[in-house]
Amino acid sequence: MDDRKNEQEPRKVVLGVIGADVHAVGNRILEYSFRNAGFEVENLGVMVSQEEFIAAAIETAADAILVSSLYGHGEIDCRGLRGRCVEAGIGRILLYVGGNLVVGKTPFAEVERRFREMGFDRVYPPGTLPETGIADLRCDLGGPGGAA
Amino acid sequence: MDDRKNEQEPRKVVLGVIGADVHAVGNRILEYSFRNAGFEVENLGVMVSQEEFIAAAIETAADAILVSSLYGHGEIDCRGLRGRCVEAGIGRILLYVGGNLVVGKTPFAEVERRFREMGFDRVYPPGTLPETGIADLRCDLGGPGGAA
Amino acid sequence: MTLSNHRLPHDEFARIRAEVLAQWPTGADVDFAEAVAYQRAIPDARRLPLRLAAAAREGTTLVQPRAGVALVDDLVDLLRYLEKEGEADLLPTTIDSYTRQNAYDDAAKGIEESRAQGRSLLNGFPAVNHGVAACRRVNESVGVPVQVRHGTPDARLLAEISYAGGFTGFEGGGISYNIPYAKKVPLEKTLADWQYVDRLTGIYEEQGVSLDREPFGPLTGTLVPPCISHAVAVLESLLAAEQGVRHLSVGYGQCGNLVQDIAAIRSLRLVTEEYLDRFGYRDVTVSTVFHQWMGGFPQDEAKAFGVIGWGAAAAALSGATKVIVKTPHEAFGVPTREANAAGLRATKQLVVMLCDQKSTETAEVRAESDRIVAETRCILDRVAQLGEGDLAVGTVRAFASGVLDVPFAPSRFNAGKVLPARDDRGAVRLLEPGALPFTKELLDFHRSCMEGRARHEKREVGFQMVIDDIYAVSKGRLVGRPR
Amino acid sequence: MTLSNHRLPHDEFARIRAEVLAQWPTGADVDFAEAVAYQRAIPDARRLPLRLAAAAREGTTLVQPRAGVALVDDLVDLLRYLEKEGEADLLPTTIDSYTRQNAYDDAAKGIEESRAQGRSLLNGFPAVNHGVAACRRVNESVGVPVQVRHGTPDARLLAEISYAGGFTGFEGGGISYNIPYAKKVPLEKTLADWQYVDRLTGIYEEQGVSLDREPFGPLTGTLVPPCISHAVAVLESLLAAEQGVRHLSVGYGQCGNLVQDIAAIRSLRLVTEEYLDRFGYRDVTVSTVFHQWMGGFPQDEAKAFGVIGWGAAAAALSGATKVIVKTPHEAFGVPTREANAAGLRATKQLVVMLCDQKSTETAEVRAESDRIVAETRCILDRVAQLGEGDLAVGTVRAFASGVLDVPFAPSRFNAGKVLPARDDRGAVRLLEPGALPFTKELLDFHRSCMEGRARHEKREVGFQMVIDDIYAVSKGRLVGRPR
Ligand code: B12
Ligand code: B12
């Protein structure tokens, strides 16, 4: 697979809120912000299954899947996503996840560890601004100022 | 000394706020409440020195000295009061103390220990209602329902 | 069956009921006659409609948390704690998100995992999986009324189990538990499913069991102008009353501008009573629910206490019958019981302290309240028109045409054309009115509100204002000023 | 010298100064010319009058804690912490109670014991004992203005050391730091001693060093009706202006009824400016200070947060220039820095959130404000009359005759005839007006307020109401209803 596209061509991301989660507000803002930052955004909205994320990523040849989970079931909902990506042949795709990932106020280091172990490349605490994710993605994709 | 007076004769207490403390509100209410409960109250008001407490107790032949300290210097101000009572010949007088006795929020058990060691018979935490002190005093003086 | 706003006929109800109770094994435990007997024996102190009526009489504002965990014993502990240490007047049982999707298999897994890990992996209580007996145990463990709070588009089985399980109040409605809580469930379906829930409530009422039904007021909790949530509340009230519901609690999510918040509760009571009366539902009691700020919270707990205090104060000054309380953990996750109780006590202090200062009749409040009523009437009357007299049909058509339109809702049956933003004093107004059927005068008012703010901020009216307003409270402001 | 309200002549001032600086060894370090140079070099960001003027211009409410500990390093740590973690806009240095009594020997013991025990045994910072250099270190350690807050009847040496030490604000006055803070200090003495402090401030002003002087608004903090604290604030302002003070902050302790609280800040600004103008002091700036609830607090920290939130909200809605913040430890003792910062952040969230909702011009507020102004004028005009035109003399005579009378004050020079209590909506009114020189109309108003409450509570107007009101907030109420 070609991970290093032409710098001019807009990078593509698939965006969505996983599981039975209906928190739509952050998702709207993420879509708006990533678009404004020059990304091509395929926004699946809320209540997105792992299968839908993967299908959309394959269809759009996306560089990254940005998963949100707000409602607390993120831990259950996200398990096995990396594995399914591997099975579907997009095993190296960037996986980011953010929101209120677990039930209850939990030290973030602990949460990050759990989700990294599940195969996520970046894990964001509650209240993260889109700018943070955008900067990281540029960096991970080798955009301006980032390593390839 | 005669600790057991005629039950009909009103019991006498000396009341005041010790040291450089000017918190006057609780003192007014204590005076009112102890009077209403049938005690004879000699209220020295605020900013009362150890010497003034003892002189008033001797002069009125009081059964108890009720010390308040709100402003945080209670620990310094109250030291040696029992000793001075002994010197003055009223060593067995009841000594009660209440208010915000030390600087800062402190576990009350610790505060109580410190003031008991200084020779106080009863020590009250912040927010104590006058009723509590009245009931205890009746009990300690062998009033209705109390032991002699 | 095509949807219409008529009382569900007995045989139709019975037919559906057989299906519903078969959806999950625990449905078999529901025996209506036995459940009525059980409900009748519940002491007055635990009967929600009675407690609300008493509060309305005394002019006090009752305090209620949100709370729910995966396992029964833990829920009992939690509710007892909130009753005792939180001084809660009313208790909830918040249902987990799998149950809300009728995904009882997933809920079962969540229960198992929670047992195994010794911590709740579900964000609420899976009442259907636990069944009638467990629910009764929960209710019998406390001394105050317990209401089921959820967000379930199809809550028929949940309602059956809840009422048989001794709960005396049930939140939700065919609009308010669809549009903010679902992506592709048709309104026809949820309206019909909630007719069932309301009819179920009605037949309990007919047996002398009084139950409270509460449309979910705050909708998406994010900059919802009062007229939109009021219109939904009134419609759900009318639809419920048609099915025989007798006790309604209508809700509103705090916007943050004091005059608007007080006026919203005032107008909500007035407009609900007006329409119930106009449509001939005369023996229905109405109480009001004030939700403390429902949008994004500040992360800092002390700041969260500030927001909670403001919600408590506004609730008291508005004279709402009850206030639903947030916690200092809001920005992070489902709160610990200690955090939950702390939010309750901070609120309790203020609602009791301020109970003598209701300010519903100042000139400012009356003017704002009158405008909200006028806006709400515009919407409701157009809904009735669109439905050719049938409010259920009208509701479906109104959403299709954007006459009813909830900001930021995930449902694809919601137009999503309306954009709200705050005016210069922080009241929520319309930046983009979409297809809301307002008079020119009302539209002009909203436009001039936005222009006033734009002038003050020296920037154009636009979507950036909306984004700034969404983040504002979590960043310590109400109006999202440019930085 | 007999007391009179005239600017202290230069030689008289110099004579007293020599005495004052000799009261304690650290006085020797004060060198006026050097101190002026030092003060002039203080950056604008740390100059209190400038910060207040900017806030008044921007319409924001600044947030300030109370804080003081025995040792210098600990104070520096504490203030830095409150600036950073508490987001304090202004900082204080609260002085300990021995220093307030000029008992520098006791303070010295307190410092030693605190060093030995590793915890502060003093309830504040003994600035006189620590001296000029230490005070400068404190001021230089932070980035915002620091004000000295105390309660010292004779604060002459403290003021000398504070100003030379780089503080740019000094609280107190000859009435407000006597009547609530002393038992047997004659008013003649404190008024004269504060003329010295004000004159000292004035001579710094004449050298181009702007300093803020703040009469202590809340007095005993216990059910003080606004007209009484306003009268004291105006008198101290006039006496200070006569000595050359140019920047005044007048304060008020929250009563708890929102309309009264907003009206109090509105009327305080108006009436202070009116009298300064009337007595010919034209170049004096006036800002307002709102003290969060100064009476007994609830012990529970969550409930304390509720009370703090209400204070923050009322401060913001009233448009006060700054708010003095309480902490969740209030009912127990001097707060930890964490508790102090938490109170600040809860307050900050609300004053910023609500900065666009000032409500000083509603009909209710204007009516209440007008009445407070009328009451205050009654008192002030009688004071002027009693003094035969001299306000200092008038003040002494007014207290002697009960024309000025502070509820619950410990001073034996206070008549103590006035008894306040709340009306049925929680506003503080007069149950017993004592010798306050009110018009019949005003007296009738207060009487009818109390009768209204008594009817509602079905009991007689009487002292039990006062007691119930004193305990009320700490027990979760505002109006102390019978139980
Ligand atoms: C508004 C809201 C609602 C609304 C949602 C309306 C809607 N359809 O959108 C309503 C009222 C319907 C609701 C319902 C529920 N909610 Co809710 N809700 C909130 C609330 C208050 C704000 C969320 C929000 O809109 N924030 C504003 C946006 C802009 O921020 P955001 O969502 O966090 O997203 C930003 C960042 O997180 C980040 N981000 C997110 N994902 C990602 C991914 C990447 C890759 C990156 C880089 C960044 C990123 O960027 C976004 C933009 O800045 C939060 C608490 C809070 N935050 O204060 C609770 C909260 C999320 N809800 C919660 C819960 C439990 C529920 C319910 C289950 C129960 C209930 N209370 O009714 C239901 C869930 C229903 C369901 N099936 O999902 C919990 C989750 C608990 C947990 N994780 O432990 C929270 C945290 C509240 C709490 N403390 O209990 N909720
Ligand atoms: C009002 C008040 C003031 C007023 C006092 C006016 C006056 N002259 O009376 C003013 C504003 C002047 C003031 C000044 C100060 N105060 Co002050 N004040 C308070 C406050 C808010 C309420 C006190 C009160 O009136 N309570 C109501 C009455 C009815 O209750 P009470 O006083 O507690 O008394 C009752 C009981 O304690 C009990 N009781 C008391 N003594 C006894 C004795 C016995 C034997 C019994 C049985 C019962 C009993 O019965 C009383 C009646 O119910 C308290 C905090 C609080 N409690 O919320 C702080 C508080 C007492 N003050 C405090 C401080 C530090 C000060 C100052 C040093 C600094 C400052 N903030 O300016 C100065 C002190 C000046 C001095 N030299 O004393 C601290 C003390 C800290 C500590 N102990 O660690 C407190 C706790 C606030 C705090 N958390 O920082 N204060």
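Note on naming: letters A, B, ... go to the chains in the order of the sequence lines (proteins, then strands), and numbering restarts at 1 for each one. These numbers come from the heavy atoms of this one structure, side chains and all, not from hydrogens, waters or symmetry mates.
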What's the shortest heavy-atom distance between [X] and [Y], and which atoms?
X	Y	result
D:Lys475	B:Leu129	NZ-CD2, 4.0 Å
D:Leu121	B:Glu75	CD2-OE1, 3.9 Å
D:Pro410	B:Ala24	CB-CB, 4.0 Å
B:Val46	D:Lys183	O-NZ, 2.6 Å
D:Tyr181	B:Val22	O-CG1, 3.1 Å
D:Tyr471	B:Ile29	OH-CG2, 3.3 Å

Whether [X] side chain and [Y] backbone form a donor-acceptor pair below 3.5 Å:
X	Y	result
D:Asn123	B:His73	no
D:His329	B:Gly104	no
D:Gln299	B:Pro126	yes

Give me the ring orientation class for B:Tyr71 and D:Tyr98: parallel if the planes are under 30° apart, tilted from 30 to 60°, perpendicular past 60°.
->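 Rings of B:Tyr71 and D:Tyr98: perpendicular, over 60°.
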Check whether any side-chain heavy atom of B:Val103 lies under 4.5 Å from a side-chain heavy atom of D:Leu122, and answer yes or no.
-> no
Is it the backbone or the side chain of [X] that comes under 4.5 Å from a heavy atom of chain B, or both, or neither?
X	answer
D:Pro407	neither
D:Arg119	side chain
D:Ala339	neither
D:Ala182	backbone
D:Ser120	backbone

Whether over 12 other heavy atoms sit under 6.0 Å from B:Glu59 CD |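 Not buried by this count: 12 neighbours or fewer within 6.0 Å.
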Over 12 non-hydrogen atoms of neighbours within 6.0 angstrom of CD in D:Glu460 | no
Mind running side-chain contact (heavy atoms from CB on, under 4.5 Å) on D:Gln464 and B:Tyr32 for me, showing each step along the way?
-> CA-CA 10 Å; D:Gln464 190 59 45; B:Tyr32 180 88; 4.2 Å; yes
Straight-line distance of D:Gln101 CD to B:Met47 CE, nearest 0.5 Å =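 Here the rounded value is 3.5 Å.
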Could you tell me whether B:Lys105 and D:Glu301 have a side-chain N and a carboxylate O separated by less than 4.0 Å?
->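 Salt bridge present between B:Lys105 and D:Glu301.
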